[in-house]
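Nothing fancy with the numbering, it's 1 onward along the sequence. Whatever order the structure lists ligands and atoms in, that order sets their numbers, starting from 1.
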Amino acid sequence: MSRTFDAIIVGAGQAGPPLAARLDAAGMRVAVIERHLFGGTCVNTGCMPTKTLVASAYAAHMVRRADDFGIGISGEIAIDFAKVMARAHAVTLNARAGVEKWVRALERGAVFTGHARFTGPRTILVDGEELSAERIFLNVGGRALVPDMPGVHDVPLLNNSSLLALDHLPKHLVVIGGSYIGLEFAQMFRRFGADVTVVEKGERLVSREDPQVSEAIQAILENEGIAVRTGAECIHFAKHRDGVQVGVDCDSGDTEVVGSHALLAVGRRPNTDDLGLDMAGIVTDAHGYITVNERLETSAQGVWAMGDCNGRGAFTHTAYNDHEIIADNLLAGADRKVTDRIACYALYTDPPLGRVGLSAGAARAQGIAIKTAERPMTRVGRAVEKAETAGFMQIVSDAATDRILGGTILGTGGDEAIHSILDMMANGATAAKLRDTVHIHPTVAELLPTIAGMVKA
Ligand SMILES: Cc1cc2nc3c(=O)[nH]c(=O)nc-3n(C[C@H](O)[C@H](O)[C@H](O)COP(=O)(O)OP(=O)(O)OC[C@H]3O[C@@H](n4cnc5c(N)ncnc54)[C@H](O)[C@@H]3O)c2cc1C
């Protein structure tokens with residue numbers, strides 16, 4: 001059987017559903033194909049369940065610190081792990097149902113549940129049906145990468161999906177990968193009461209950040225009793241009677257860590273290997289990311305790629321923005337480009353790291369002459385009042401023009417306060433402009449004008 005639509009969207013992650021709604025509202029007949037769970041990674045095994053768990057972990061942490069605030073709590077605190085996980089699942093289920101209901105309710109939409117695969121330039125096979133359309137939008141996302149490490153297939157390793165399905169707290173969780181996903185899980189499981197070891201191949205944690213950020217985050221985690229093993233160049237796995245043995249080094253230091261559970265969090269890979277892209281002449285890069293131009297058009301005419309699968313972003317907000325770029329260009333005659341986007345993201349350790357634009361290190365590496373200033377959170381009134389003084393804030397501006405190039409806030413409220421710098425950058429503002437802006441007292445963001453007034457080469 002064969003059916004024709006105005007548009008086909010493959011994947012109901014963070015870009016597919018809102019694009020379907022825009023196209024439907026513009027009068028197009030849209031087919032939406034989803035092979036697994038509506039809402040994709042963010043809703044089901046990514047942002048939403050993890051940030052719900054981060055909130056539970058924060059609550060546990062603050063209860064343990066109650067005495068610091070003059071509040072007496074008698075006895076040991078108890079973590080009801082089943083209830084903690086049930087709360088995360090409830091948030092996910094609610095969001096997933098909302099996305100599915102939304103997509104199924106589209107006036108001219110048709111939903112197909114199954115694996116989509118190209119059979120030709122404009123045709124896709126799903127569940128035995130062939131669908132064709134002049135426009136095809138790929139929103140197939142990604143999954144956890146399983147690198148070719150010795151023994152990786154011989155032991156039960158967890159990933160972000162299977163970890164979220166655990167029904168009991170691991171005794172000792174070994175997290176392989178000291179980057180964004182691994183560190184969020186590491187801190188939350190420590191706060192739930194597990195022993196946690198982070199094993200990182202590189203010389204420092206979150207190695208994409210400046211060394212100062214890596215050092216501060218490592219100190220924050222170690223203060224909570226998390227063991228951090230960096231420079232683990234020779235990671236390998238073997239079965240052990242107590243769980244999983246993780247070999248971390250070949251010839252120096254403690255050569256192994258034994259965990260009851262091990263989480264592999266060493267990166268993501270795009271879901272593009274089983275899409276039949278060659279049937280449509282769609283080109284990918286060496287890592288499988290679909291090659292797109294700045295308007296997110298693939299090498300095949302009439303086919304766009306958005307979200308994690310195009311390698312132009314790895315976040316929910318970038319996936320969502322991709323759909324806006326495509327929809328505005330197609331439906332509103334706009335000329336939006338992915339290159340107009342200012343890079344921004346957060347790492348949801350506690351305190352969180354909010355980042356926008358260039359860090360000082362990245363700017364210098366590009367040969368840009370910069371001015372910069374920073375302030376430790378110990379000198380931020382709101383942080384002191386909350387007794388959450390770990391971290392620092394930094395602003396980077398161009399030495400020649402004074403335009404703000406980037407910012408870093410590792411500190412309480414950093415994920416929110418960073419938007420103050422982001423919005424200034426979106427308007428092309430200088431550090432002097434931020435300096436002269438009055439912010440609300442007492443907030444973390446209140447110190448940003450002060451820092452902006454101190455930038456120097
Ligand atoms: C643990 C974790 C925490 C995260 N936390 C954050 C965070 O705090 N903030 C943030 O911004 N980002 C976070 N992310 C990243 C975020 O989840 C992703 O960037 C986002 O989900 C990407 O959306 P997407 O639409 O590109 O893809 P996805 O959400 O992965 O959706 C792709 C969809 O396509 C479907 N699909 C794939 N192939 C096919 C096919 N052939 N046929 C039919 N359907 C198919 C999949 O089933 C899936 O539903 C996190 C990720 C992880 C793993």
Q. If you measure from each non-hydrogen atom of Glu184 to ligand 1, which part falls under 4.0 Å: side chain, backbone, both or neither?
A. neither
Q. Hey, does Leu169 have a side-chain heavy atom less than 4.5 Å from the side chain of Ile79?
A. no
**Q.** NZ (Lys337) with more than 12 external heavy atoms under 6.0 Å
**A.** yes
Q. Are any of the side-chain heavy atoms of Phe237 and Pro150 separated by less than 4.5 Å?
A. no
Q: Please identify which atoms of ligand 1 are closer than 4.0 Å to at least one heavy atom of Gly40.
A: 29 (O), 31 (O), 48 (C), 49 (O)
Q) For ligand 1, which atoms, with element, lie under 4.0 Å from some heavy atom of Leu37? A) 49 (O)
**Q.** Within reach of ligand 1, part of Ala346 (heavy-atom separation under 4.0 Å)
**A.** neither
Q. Applying a 4.0 Å heavy-atom criterion (strictly less than), which segment of Leu275 is in contact with ligand 1: side chain, backbone, both, or neither?
A. side chain
Q | Part of Asn160 within contact of ligand 1 (heavy atoms, under 4.0 Å) | A | side chain
Q. Can you list the ligand 1 atoms lying under 4.0 Å from a non-hydrogen atom of Tyr348?
A. 8 (O)
**Q.** Arg268 neighbourhood, listing ligand 1 atoms whose heavy-atom distance to it stays under 4.0 Å
**A.** 53 (C)
Q: Select the closest option to atom 23 (O) of ligand 1 among Gln14, Arg117, Arg143, judged by heavy-atom distance.
A: Gln14
Q: Out of Ala305, Gly13, Cys47, indicate the one that has the non-hydrogen atom closest to atom 50 (C) of ligand 1.
A: Cys47
(Q) Quick check on contacts: which atoms of ligand 1 are under 4.0 angstrom from a heavy atom of Gly142? (A) 30 (O)
(Q) Looking at Asp335 and Arg295, is any side-chain nitrogen of the basic one under 4.0 Å from a carboxylate oxygen of the acidic one? (A) yes
Q: Taking only heavy atoms of Ala314 into account, list the atoms of ligand 1 that are under 4.0 Å away from them.
A: 15 (C), 19 (O)
Q: Would you mind listing which atoms of ligand 1 come within a distance below 4.0 Å of any non-hydrogen atom of His115?
A: 40 (C), 41 (N), 42 (N)
Q) Taking only residues two or more places apart in sequence, or in another chain, which ones meet Tyr289 in a side chain to side chain contact (heavy atoms under 4.5 Å, CB included)? A) Pro270, Asp285, His287
Q: Specify side chain, backbone, both or neither for Ile181, according to which of its non-hydrogen atoms lie closer than 4.0 Å to ligand 1.
A: side chain
Q) Should you measure from each heavy atom of Lys51, which atoms of ligand 1 turn up under 4.0 Å away? A) 5 (N), 6 (C), 7 (C), 8 (O)
